[in-house]
Asks: 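Got a structure for you, written out below as structure tokens; questions coming shortly.
Whatever order the structure lists them in is the order used to number ligands and atoms, beginning at 1.
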Amino acid sequence: MEHQEETLLKVEHLCQYFKMGPGRELKAVDDVSFDIKKGEVFGLVGESGCGKTTTGRSIIKLYDITSGNVYFKGQRICAGTRSYKEAIRAARTAYREKIAALDKQKKEEIEQGADRAQAEELNKKLRTEAEEQYRTAVLENRKLIASAKHDQKFCDKDHAEKVVASFKEEREKALAACSSDEERKKVEKDYKTRLRVASHERIVNRIQMIFQDPIASLNPRMTVRDIIAEGLIIHGIKDKDYIDEKVYNILEKVGLVREHAGRYPHEFSGGQRQRIGIARSVIMEPELIIADEPVSALDVSIQAQVINLLNDLRSELGITVLFIAHDLSVVKYFSDRIGVMYFGKMVELAPSDELFAHPLHPYTRSLLSAIPLPDPQYEKQRRRITYNPLAEHDYSVEGPTMREITPGHFIYCNGAEFEKYKEELGL
Ligand SMILES: Nc1ncnc2c1ncn2[C@@H]1O[C@H](COP(=O)(O)OP(=O)(O)OP(=O)(O)O)[C@@H](O)[C@H]1O
Ligand SMILES: [Mg+2]
């Protein structure tokens, strides 16, 4: 599918660890990197518990991420500090080791009859150099920590300030172009309304998530109208007629009707509830929608309807989608690129067609072997491949990293495996 090559979301070494009691951590997402281009559908697949939802929730800032960065439209919206703290610790250890080695060297030189004063002098000079290096490393990483903390906390404020500043500029220009007092009054009134909305503007509002469980994510005490309009109201919009009009429009867009606005979530079917969830996220005019398994809880016929709806909204409103699913068949026709996750790690990332034509990682192959086809002959022969990481990989000598095997096709492997995959592809 066609899309511009502008990067909308960039996830860089994202880590989200959960504390599981003293000294224990669960690495729900561990060093995951990918980017999503504007207008693209990026599919994220993997088995239950591999960290897909956690990735989505981290991107919309429901957590303070452990480490890594997330950039949206070029602005850093999430930033973790763990990697910088570790770098400081590593610099401290390296410094201590260096000092010990220098002292040992000095002692040995003196024992071997070197001039004591000269050895002391040299030792002092090298110690100062090592200390200088250590100090620089600490200072640099402290700066990175401070800036990460700032961005994690204040990215919305910074964004709102930028928006307000751009409105001010527009206002000046509009005022200069006015010829009568009446025109000027109109400009000022417009400006005040826009300013009120802008001061509530949060950059993460441009990202909306459709949650995995449609019933748990809709407040049972609120009517559909209130659920869908909630975001607008929080955004400082007070005009009741404007809100109603928008809610009715969105309801129609997602295949529901006006009359549904006064009902409560329990009065709907699963597919309809999912549509309410979609309406609630679309009304905020997001640029990116994170659809977290929006169809897993639904009947196959309704699955197709909801996917078609998302597809229509995408072409109509130009929304970019991060589509989360646990099964590859769902994302196959809908995604431009697919990332496969396994136990918190991204193990393979490739354009959709390429992934289906040349799956390389054994886990991806096992996922593919699980897809049934409506062909009795094929089904008779279909063999389920099971993935056993301990039997598949030997990472005792060299650990795995993400490597690009053909343009845009990345695979998590070590050097030896990389050569093997290359051979398989005939490269
Ligand atoms: N808030 C939390 N605190 C502690 N552990 C968590 C938390 N949220 C998720 N986890 C754990 O992190 C891991 C990843 O969970 P996540 O919900 O991201 O999986 P998932 O890939 O979305 O799975 P599914 O397909 O079942 O939705 C799981 O082991 C889960 O138990
Ligand atoms: Mg999930």
Side-chain angles (χ1 to χ4, degrees), residues 9 11-34 36 41-68 70 78 80 82 152 204 207-218 270-271 273-274 277-278 280-281 288-300 302-303 306-307 310 321-332 334-335 337-349 355 361-364 366-371 386-387 389 412:
L9 182 86
V11 175
E12 212 178 56
H13 304 294
L14 174 69
C15 296
Q16 177 63 54
Y17 302 163
F18 293 112
K19 288 212 169 66
M20 305 298 284
R24 282 181 60 228
E25 269 182 338
L26 181 118
K27 297 186 174 181
V29 179
D30 194 12
D31 200 5
V32 163
S33 301
F34 61 93
I36 306 183
V41 175
F42 187 92
L44 195 61
V45 289
E47 66 191 24
S48 189
C50 72
K52 306 177 298 289
T53 300
T54 308
T55 306
R57 293 172 73 103
S58 302
I59 295 171
I60 58 165
K61 287 174 81 81
L62 287 181
Y63 303 127
D64 281 346
I65 62 172
T66 310
S67 187
V70 177
C78 306
R82 169 85 65 103
Q152 176 75 27
V204 280
I207 309 177
Q208 290 290 319
M209 188 151 173
I210 301 170
F211 289 95
Q212 189 163 5
D213 184 348
I215 189 68
S217 62
L218 303 176
R273 274 183 217 136
Q274 203 56 281
I278 295 175
R280 174 175 61 178
S281 48
L288 173 70
I289 285 191
I290 302 179
D292 188 4
E293 307 208 23
V295 296
S296 315
L298 306 176
D299 189 280
V300 178
I302 314 287
Q303 282 192 2
V306 173
I307 289 200
L310 276 173
V321 184
L322 170 58
F323 192 91
I324 299 176
H326 57 246
D327 130 32
L328 269 170
S329 59
V330 175
V331 288
K332 182 174 181 181
F334 188 44
S335 309
R337 282 188 305 142
I338 296 176
V340 180
M341 276 183 82
Y342 183 75
F343 262 89
K345 294 270 186 200
M346 184 77 88
V347 294
E348 194 162 2
L349 195 164
L355 191 84
H361 198 279
Y363 179 62
T364 315
S366 109
L367 275 186
L368 281 173
S369 78
I371 303 180
T386 45
Y387 174 56
Y412 188 63

Asks: Between E293 and K52, is there a side-chain heavy-atom distance shorter than 4.5 Å?
Replies: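 Answer yes - side chains close enough.
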Asks: Name the closest protein heavy atom to atom 16 (P) of ligand 1, giving the residue it belongs to and the distance to 0.1 Å.
Replies: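 Result: T54 OG1, 3.4 Å.
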Asks: What class does the angle between the rings of F334 and F323 fall in, given that below 30° is parallel, 30 to 60° is tilted and above 60° is perpendicular?
Replies: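 Answer is perpendicular, since the angle exceeds 60°.
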Asks: Taking the six-membered ring for Trp, are Y412 and Y342 closer than 6.0 Å centroid to centroid?
Replies: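 Here the rings of Y342 and Y412 have centres that are no less than 6.0 Å from each other.
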Asks: Please tell me if the side chains of C78 and Q152 come closer than 4.5 Å, counting only heavy atoms from C-beta onward.
Replies: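 In contact.
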Asks: For atom 3 (N) of ligand 1, is there a protein heavy atom at a distance under 4.0 Å?
Replies: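 Neighbour list for atom 3 (N) of ligand 1 includes protein heavy atoms (cut-off 4.0 Å).
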Asks: Using a 4.5 Å cut-off on heavy atoms from C-beta on, say whether the side chain of M346 contacts that of L44.
Replies: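 In contact.
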Asks: Which atoms of ligand 1 have any heavy atom of E293 under 4.0 Å away?
Replies: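 Heavy-atom distances to E293 below 4.0 Å select 24 (P), 25 (O), 27 (O).
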Asks: For the residue pair I36 and V11, establish whether any side-chain heavy-atom pair is separated by less than 4.5 Å.
Replies: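 Answer no - side chains too far apart.
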Asks: May I ask you to check if any N/O/S atom from Q212 comes under 2.8 Å of the Mg ion (ligand 2)?
Replies: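 It does; at least one qualifying atom falls short of 2.8 Å.
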Asks: Identify, by atom number and element, the atoms of ligand 1 in contact range of L26, meaning under 4.0 Å from any of its heavy atoms.
Replies: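 Per the distance check, 11 (C), 12 (O), 13 (C), 29 (O).
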Asks: Any non-hydrogen side-chain atom of V340 less than 4.5 Å from a side-chain atom of L355?
Replies: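 V340 reaches L355 side chain to side chain.
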Asks: So, T54 and the Mg ion (ligand 2): N/O/S under 2.8 Å, yes or no?
Replies: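 No.
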Asks: Among all protein heavy atoms in this structure, tell me which lies nearest to atom 27 (O) of ligand 1, with the distance rounded to 0.1 Å.
Replies: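 Checked against all protein heavy atoms, atom 27 (O) of ligand 1 sits closest to Q212 NE2, 2.6 Å.
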Asks: Check if K19 has a non-hydrogen atom at a distance under 4.0 Å from any atom of ligand 1.
Replies: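 No, that is not the case, since the closest heavy atom of the residue is not under 4.0 Å from the ligand.
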Asks: Return yes when G49 approaches ligand 1 closer than 4.0 angstrom through a heavy atom, no otherwise.
Replies: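 Right, G49 reaches ligand 1.
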Asks: At what distance is the nearest protein heavy atom to atom 1 (N) of ligand 1, and which residue and atom is it?
Replies: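 The closest one turns out to be F18 CE2, 3.7 Å.
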Asks: What protein heavy atom is closest to atom 22 (O) of ligand 1, reported as residue, atom name and distance in Å?
Replies: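 Closest protein heavy atom to atom 22 (O) of ligand 1: T53 OG1, 2.6 Å.
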